[in-house]
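In what follows, a single structure is set out as structure tokens and then discussed.
Predicted model only: the values in this text are computed from it and were never measured. Atoms considered below: every heavy atom in the structure, side chains included; atoms not considered: hydrogens, waters and symmetry mates.
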Amino acid sequence: MSIRLTRRAALVSSVAAGAALPSLSHAQTGPAPSGEALAEAVDAYVKQALAAFPDQPAVSIAVVKDGAPVLTRGYGVRVQGEAARADEHTVFAIASNTKNVTAAALAMMVDEGKVKWDEPVKTYLPGFTLSDPVIGERITVRDTLSHRAGFGLGAGDLLFWPNSDRSREEVMAAVPFVPIEDGFRARYHYCNLMFVVAGEVLAAVSGMRWEDFVQSRILDRLGMGETVPMATLADPAKSALPHARIGPPLRYQGEMVQISDSIAGVWNWDSAAAAGGLCTTATDWAKWIGLRLAMGELPDGTRLFSEDAAKEMWRPNIIIGSSAGPTAELPGRAIASTYAMGFQVQDYRGERMVTHGGGSPGGISATVLIPGRDAGFSIFSNAEESYLLRALRSGIADIVMGKTGFDWIADSVRLRDESDAKSIAAAAEIDAKQAAGAAPSLPLEAYAGTWRDPWYGDIVVSRRGDGLWLDFTHTPALKGPLEPYDGETMRTRFPDKREEDAFVVFKLENGAPVSATMKAVSPDADFSYDFHDLRLTKV
């Protein structure tokens, strides 16, 4: 990707083994364990990794090999400081791992002749358009599932991230106004918004809302009775509740704390459920992994989708990145990592790997399939320890494939420490610039008013006491003081420390502010805080 990856961006779009990072030693190949030996090896490795990351409240692991689960297990506690243990039936938010379920649902419609992968979206959603009307005419169902429409990274995510008051219909009404920054099918840019569109295509052709289709046509068929299609349906008493580091000095720094008493408290994506709404357990997700490895065939011999559709969903549609391939120092480096439909597909150690990640506030997850070995696994977490997930994901992949010689745990601890040092230095620099910054050129009341963006809507700046107050009118958590930073640049101080602050840069004409742009304050800010896509004009 052409921009610096945030922590969650790295999870949802990087290779499953963190391939572009330096190795500690040359990896070797030995016998790959199976059955009970595989379960014991993974279990021991997970315990070793958790010992190196002691602040992690809980994880759950599912490993499937040769058509059957060999390990489904929870580790740690559902809530930090409490006794209730996580187990194989504990519910976790899995966020963008939902995407390959949405792709599979559309594959079922392809099998039934109700959808064609390469038919324009407007065939199924009459009147559909985008801010570039040419792309709006040409974009196909395949494109919505492939992150290649031309939107920038995370474009439009502020419509539903953090928790918004918008309905799905309101999100869809805003789609035509979200800016497109790149050429159609030119490059890979991760885009949740187009999966929302894909979910509406499914609703149009099936006559069922996304969540109803997924429940009746997929979850019920697979016997996934512990899975819910939307976070608001997850029972807090059965869930691993979300945890995070919320500073100081920045998000992802400081002590690990519980950030909500329910998954939905920080992850209500019901309006964008097709992009990331599912919550599930290790026991249930093992059934999904088994189905995908069986190319759509159910245990009873019937099919959820055809083998042709299964193959099509793994066919690469856009290149994410490429390299010269593995070396002694970089044994896991991929020649090419690609995105298909709802899954990333790459080479890893000479074999095909099919993978996806997911990130929600207070939780991250990963699914990894190694089709040539009829094996796959998942990792669910109730905290944002991305380097722990990296160690687990890469280390378990190596166990499944019989690879040795690389200490993913030690390497991930090293990378975490380096990242933390950079973040702390960046925070100090941000504060120093504010302390040395120039005063605004106008009285504060001159910046007050209603500021409107074509796709987000209204952001209100008002006087409050001696200062300013900023209000994202559709996003309850994004409300707080707006402080002078440097000249016409101001910065937010949202009281809800789970959220990322933003710079607001006002443009003056004839001595008055007439427009404004925004960007995240922290270099670590999640890409879904797409403040940079806002183009505000004063109403």
Side-chain angles (χ1 to χ4, degrees), residues 1-6 8-14 95-96 98-99 102-103 106 117-118 120-122 125 128-161 164 166 168 170-201 269 271-276 316-321 338-344 356-359 453-457 517-520 525-536:
M1 298 177 64
S2 61
I3 66 173
R4 180 180 181 273
L5 288 178
T6 64
R8 187 169 70 95
L11 292 173
V12 297
S13 63
S14 68
S96 287
T98 303
K99 288 180 168 64
T102 296
L106 281 164
W117 292 124
D118 297 308
V121 169
K122 66 184 182 65
L125 300 177
F128 179 83
T129 189
L130 296 173
S131 58
D132 183 328
V134 174
I135 298 177
E137 286 286 316
R138 297 178 60 197
I139 187 171
T140 66
V141 175
R142 185 188 303 273
D143 294 320
T144 67
L145 301 170
S146 303
H147 303 304
R148 63 180 192 178
F151 289 95
L153 176 64
D157 281 2
L158 282 174
L159 293 168
F160 36 81
W161 168 297
S164 168
R166 283 186 171 89
R168 195 170 302 167
E170 289 170 327
V171 170
M172 286 296 295
V175 168
F177 304 100
V178 178
I180 294 174
E181 71 171 39
D182 207 347
F184 185 43
R185 301 174 184 163
R187 274 170 289 276
Y188 167 90
H189 298 287
Y190 197 87
C191 183
N192 289 302
L193 193 62
M194 288 299 96
F195 272 82
V196 180
V197 172
E200 291 306 285
V201 171
W269 264 32
S271 63
N317 290 318
I318 191 77
I319 295 173
I320 297 173
T338 71
Y339 203 89
M341 289 190 283
F343 267 122
Q344 182 175 324
H356 213 285
D453 175 81
W455 60 271
Y456 177 84
T517 57
M518 298 181 71
K519 67 176 183 178
D526 191 286
F527 65 74
S528 285
Y529 292 95
D530 59 322
F531 300 124
H532 51 276
D533 284 321
L534 298 171
R535 300 293 182 267
L536 300 165

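The salt bridge (Lys or Arg N to Asp or Glu O under 4.0 Å) search around Lys519 returns none, not counting sequence neighbours. Among residues two or more places apart in sequence or in another chain, the salt bridge (Lys or Arg N to Asp or Glu O under 4.0 Å) test is passed with Glu170 by none. Residues meeting the ring pair (Phe, Tyr, Trp, His ring centres under 6.0 Å) test with Phe128, sequence neighbours left out: none.
Within the model, atoms CG of Asp530 and CG of Leu193 stand 9.0 Å from one another, a figure rounded to the nearest 0.5 Å. Residue Glu181 holds its CD atom at 7.0 Å from NE2 of His532, rounded to the nearest 0.5 Å. Distance CD1/Ile180 to OG/Ser131: 4.0 Å, rounded to 0.5 Å.
Between His356 and Tyr190, the ring-plane angle classifies as tilted under the 30° and 60° cut-offs.
When side chains are defined from C-beta on, Pro120 does not count as touching Ile139, because their heavy atoms never get closer than 4.5 Å.
Under 3.5 Å, the side chains of Thr140 and Asp143 contain a donor-acceptor pair of N or O atoms. Thr102 and Lys99 share no side-chain donor-acceptor pair at under 3.5 Å.
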When you look at His189 and Phe151, which way does the ring-ring contact (aromatic ring centres under 6.0 Å, His included) test go after all the steps?
CA-CA 7 Å; His189 298 287; Phe151 289 95; 9.8 Å; no
Check against side-chain contact (heavy atoms from CB on, under 4.5 Å), Thr517 and Leu536
CA-CA 6 Å; Thr517 57; Leu536 300 165; over 6 Å; no
Give the intermediate values and the outcome of side-chain contact (heavy atoms from CB on, under 4.5 Å) for residues Ser528 and Asn192.
CA-CA 9 Å; Ser528 285; Asn192 289 302; 4.1 Å; yes
Evaluate Ile319 against Tyr188 for side-chain contact (heavy atoms from CB on, under 4.5 Å), listing each step before the verdict.
CA-CA 7 Å; Ile319 295 173; Tyr188 167 90; over 6 Å; no
Might you work through the side-chain contact (heavy atoms from CB on, under 4.5 Å) test for Leu534 and Leu158, ending with a clear yes or no?
CA-CA 10 Å; Leu534 298 171; Leu158 282 174; 4.1 Å; yes
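Nearest approach of Val196 to Ala275, heavy atoms of both residues: CG2-CB, 4.4 Å. Contact record, Val178 with Gly156: CG1-N, 3.9 Å, taken as the closest heavy-atom pair.
The closest donor-acceptor contact from the side chain of Trp455 to the backbone of Asp533 lies under 3.5 Å. In terms of modelled atom types and a separation under 3.5 Å, the side chain of Thr129 and the main chain of Gly136 share no donor-acceptor contact. Between the Arg148 side chain and the Asn317 main chain, a donor and an acceptor come within less than 3.5 Å of each other.
Residue Phe195 is tested with Thr98, Thr144, Leu145 for a side-chain contact (heavy atoms from CB on, under 4.5 Å); the sole match is Leu145.
Salt bridge Arg535/Asp453: absent, no basic N to carboxylate O contact under 4.0 Å.
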